[in-house]
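Okay, so here's the structure we're looking at.
To find a chain, count down the sequence lines: A is the first, B the second, and so on, and within it residues start at 1.
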Amino acid sequence: MTDTKPRFRFAPSPTGYLHIGGARTAFYNYLLARKWGGTFILRIEDTDLERSTPESIQAILDSMKWLGLEWDEGPYFQTQRFEIYNQHIEKLILEKKAYPCFCTPQELEAKRKQAHAEKRKPIYDRTCFKLSESEVQKRKTEAPYCIRFHSPDEGDIVVHDVIKGDVRTASRELDDLIIRRADGSPTYNLTVVVDDVTMGITHVIRGDDHLNNTPRQIQLYQAFGYPLPIFAHVPMILGADKQRLSKRHGATSVMAYQEMGYLKEALLNYLVRLGWSFKDQEVFTREEMIEKFSLEAVSPSAGIFNPEKLLWLNGVYIRQSQPDYLADLTLPFLEKKGITPVDPKILLEGIKISQEKVKTLVEMVEMIDFFFVKNRPDEKLILKFFTEETKPWIKEVIEGLKNLTPWNHDSIASVFNDSVQKSGLGLGKIAQPFRVGLTGRTISPGIFDVIRILGKEKTAERMSLYL
RNA sequence: GCUCCCAUAGUCUAGCGGUUAGGACGUCGCCCUCUCACGGCGAAAACACGGGUUCAAAUCCCGUUGGGAGCGCCA
């Protein structure tokens with residue numbers, strides 16, 4: 001490698017949303033770019049005109065932005081670089097390293113089927129490579145044709161992978177891949193090599209589903225006489241059934257996690273630790289990740305996505321976040337539920353007393369929505385907690401709160417405790433009716449804080465409905 | 001089917017020839033307690049199997065088994 005700054009890229013194909021596996025790969029690239037003062041490049045691999053959509057491009061960009069994975073260059077689009085690819089293809093043709101192929105997709109499919117039936121690896125038989133020059137010229141005029149790279153047969157190709165180690169493949173296993181379709185568009189293995197070279201990529205970090213492609217790409221690098229980048233293939237993320245992660249396993253898109261009330265910091269922390277570790281540390285600030293992340297410490301084996309651990313981590317992050325930060329994040333969730341207007345001071349207070357009780361922003365909303373709207377409890381709950389036994393004491397507490405000064409957590413608590421003393425009932429007996437009456441639920445933040453924030457009037461007003 | 005990759009508790013992992021195999025999530029129990037959480041204490045739970053190499057193997061080598069990926073005019 002030269003002494004220039006390292007350059008990394010994330011190169012998704014816009015055929016769907018950004019999933020968490022892609023996000024992790026992007027993050028690893030981002031982390032190293034930041035760690036080494038390098039450049040993080042975003043490249044959209046949209047050469048599949050059939051399946052690429054503008055919506056997917058937008059979804060990917062939105063996800064990257066939400067996660068805070070700012071790229072330094074791009075996004076580049078492969079569809080805007082056809083000229084560069086064609087120059088490279090022409091060069092290969094000129095040097096007899098690539099040749100036209102006239103086989104139809106149907107013919108190729110038949111050959112594949114036969115190979116499979118004979119338990120052979122389906123490898124192109126070079127029918128068109130063997131054509132005579134005159135035959136080639138004649139056929140060229142008859143129908144559109146594709147271009148194949150003539151793959152060398154001798155020796156082994158070795159990928160020096162930072163994560164997987166040396167991976168050796170016999171050149172014989174690699175067949176003559178199509179580098180330009182009959183419609184003139186270049187194919188993946190060609191574009192990725194040309195782009196990585198012309199964009200000066202020094203480190204190719206991608207999913208290990210690309211490991212098998214790497215030897216073919218190395219042949220292309222060699223055919224062009226280009227130096228190799230450093231390769232690192234990060235293992236897949238699997239579902240609980242060890243199958244490749246898909247919709248069946250629940251949410252896989254990055255934005256789905258945002259909608260479920262996850263913090264980007266937690267998602268990223270979970271993702272970085274899935275497949276990588278630093279001693280026994282579980283929680284990292286972004287600065288720590290940048291400082292401590294290394295490819296050498298990435299595990300070579302696939303990881304199973306564990307939603308429970310992500311949820312736990314999200315709770316950790318919610319607990320340690322600044323309340324005003326959480327307030328900014330929570331407000332849209334409240335609005336989405338039609339809860340408006342929201343007094344920002346109440347929101348902040350509500351968050352402060354709920355942070356340690358919730359694990360997502362969605363749960364946060366459930367925990368504090370009663371501050372802004374009246375929740376009518378189930379009749380069953382009213383019957384259960386507002387009994388002939390408790391009602392007198394509930395009334396006494398309300399009476400005690402009426403002229404209470406100062407108005408704070410401890411003074412409110414002492415009103416309750418007085419009644420507990422006199423009644424001989426447990427605090428739960430008296431506090432729980434307040435919880436149900438004020439919040440509409442049996443689960444809520446501490447009741448003294450609830451009353452404190454809700455205020456005398458609302459407390460008395462809501463409780464009176466059930467007495 | 002062929003080629004490649006992978007293999008420590010249910011899950012993520014530490015370990016890089018000599019450890020009572022460590023941590024985290026989850027699970028279970030106890031404590032704390034106005035609910036729910038948080039927090040504290042404790043428990044159960046792993047080196048896939050078989051051969052080597054070595055005084056010594058979770059660690060190195062080979063095989064088996066299991067899992068994953070690739071084998072497209074997809075990326």
_Interatomic distance, A:Tyr145 OH vs B:C73 C1' [rounded to whole Å]_ = 14 Å
_Side-chain touch A:Pro377/A:Tyr466, heavy atoms, less than 4.5 angstrom_ = yes
*Tell me what A:Pro12 touches on the nucleic acid: a base, only sugar-phosphate, or nothing, going by heavy atoms under 4.0 Å.*
nothing
_Within 6.0 Å of CZ in A:Arg319, more than 12 heavy atoms from elsewhere_ = yes
*Roughly how many Å is it from CZ in A:Arg319 to C1' in B:C36, rounded to a whole number?*
13 Å
*Parallel, tilted or perpendicular: which describes the rings of A:Tyr99 and A:Tyr124, with under 30° parallel and over 60° perpendicular?*
parallel
*asked:* Can you classify the ring geometry of A:Tyr28 versus A:Phe293 as parallel (below 30°), tilted (30 to 60°) or perpendicular (above 60°)?
replied: tilted
*asked:* For a quick check of understanding: with a heavy-atom distance under 4.0 Å over all strands, which category does A:Ser277 fall into, base, sugar-phosphate or nothing?
replied: sugar-phosphate
*So what does A:Glu45 hit on the nucleic acid, given a heavy-atom distance under 4.0 Å: a base, only sugar-phosphate, or nothing?*
sugar-phosphate
*Could you tell me whether A:Lys359 contacts a base, only the sugar-phosphate backbone, or nothing, with contacts defined as non-hydrogen atoms closer than 4.0 Å?*
sugar-phosphate
*side chain to side chain donor-acceptor pair (under 3.5 Å) between A:Lys429 and A:Ser423, intermediate numbers included*: CA-CA 10 Å; A:Lys429 276 279 189 187; A:Ser423 67; over 6 Å; no
_At 4.0 Å (heavy atoms only), tell me whether A:Thr191 reaches a base, stays on the sugar-phosphate, or touches nothing._
nothing
*Classify the nucleic acid contact of A:Cys103 as base, sugar-phosphate or nothing, counting any heavy atom under 4.0 Å across all strands shown.*
base
*What nucleotide among B:C34, B:A69, B:G39 has an atom nearest to a side-chain atom of A:Asp209?*
B:A69
_Using 30° and 60° as the class boundaries, would you call the ring planes of A:Tyr188 and A:His210 parallel, tilted or perpendicular?_
tilted
*Just how far, in rounded Å, is P of B:G67 from CG of A:Leu245?*
19 Å
*How many Å lie between CZ on A:Phe102 and C1' on B:C73, as a whole number?*
14 Å
*How would you label the contact of A:Leu274 with the nucleic acid (heavy atoms, under 4.0 Å): base, sugar-phosphate, or nothing?*
sugar-phosphate
*asked:* Under 4.0 Å, heavy atoms only, any strand: does A:His210 hit a base, just the sugar-phosphate, or nothing?
replied: base
*asked:* At under 4.0 Å between heavy atoms, how does the protein contact nucleotides 3-11 of chain B? Give one character per nucleotide, 5' to 3', with B, S or -.
replied: SSSSS--BB
*Identify whether any heavy atom of A:Gly207 sits under 4.0 Å from a base atom; if not, whether one sits that close to sugar-phosphate; answer base, sugar-phosphate or nothing.*
nothing
*Could you tell me whether A:Arg180 contacts a base, only the sugar-phosphate backbone, or nothing, with contacts defined as non-hydrogen atoms closer than 4.0 Å?*
nothing
*Assign the ring pair A:His150 / A:Phe129 to parallel, tilted or perpendicular, where the plane angle (0 to 90°) is split at 30° and 60°.*
parallel
*Length of the NZ-P vector between A:Lys357 and B:U33, whole Å*: 14 Å
*Can you check side-chain contact (heavy atoms from CB on, under 4.5 Å) on A:Ile453 and A:Phe371, steps first, answer last?*
CA-CA 8 Å; A:Ile453 297 167; A:Phe371 281 121; 3.5 Å; yes
_Rounded to whole Å, how long is the line connecting atom NZ of A:Lys292 with atom C1' of B:A14?_
15 Å
*Of all the nucleotides listed (B:C25, B:U35, B:A75), which has the minimum atom distance to the side chain of A:Asn213?*
B:A75
*Quick one: which of B:C34, B:G23, B:A69 gets closest to the side chain of A:Arg244?*
B:A69
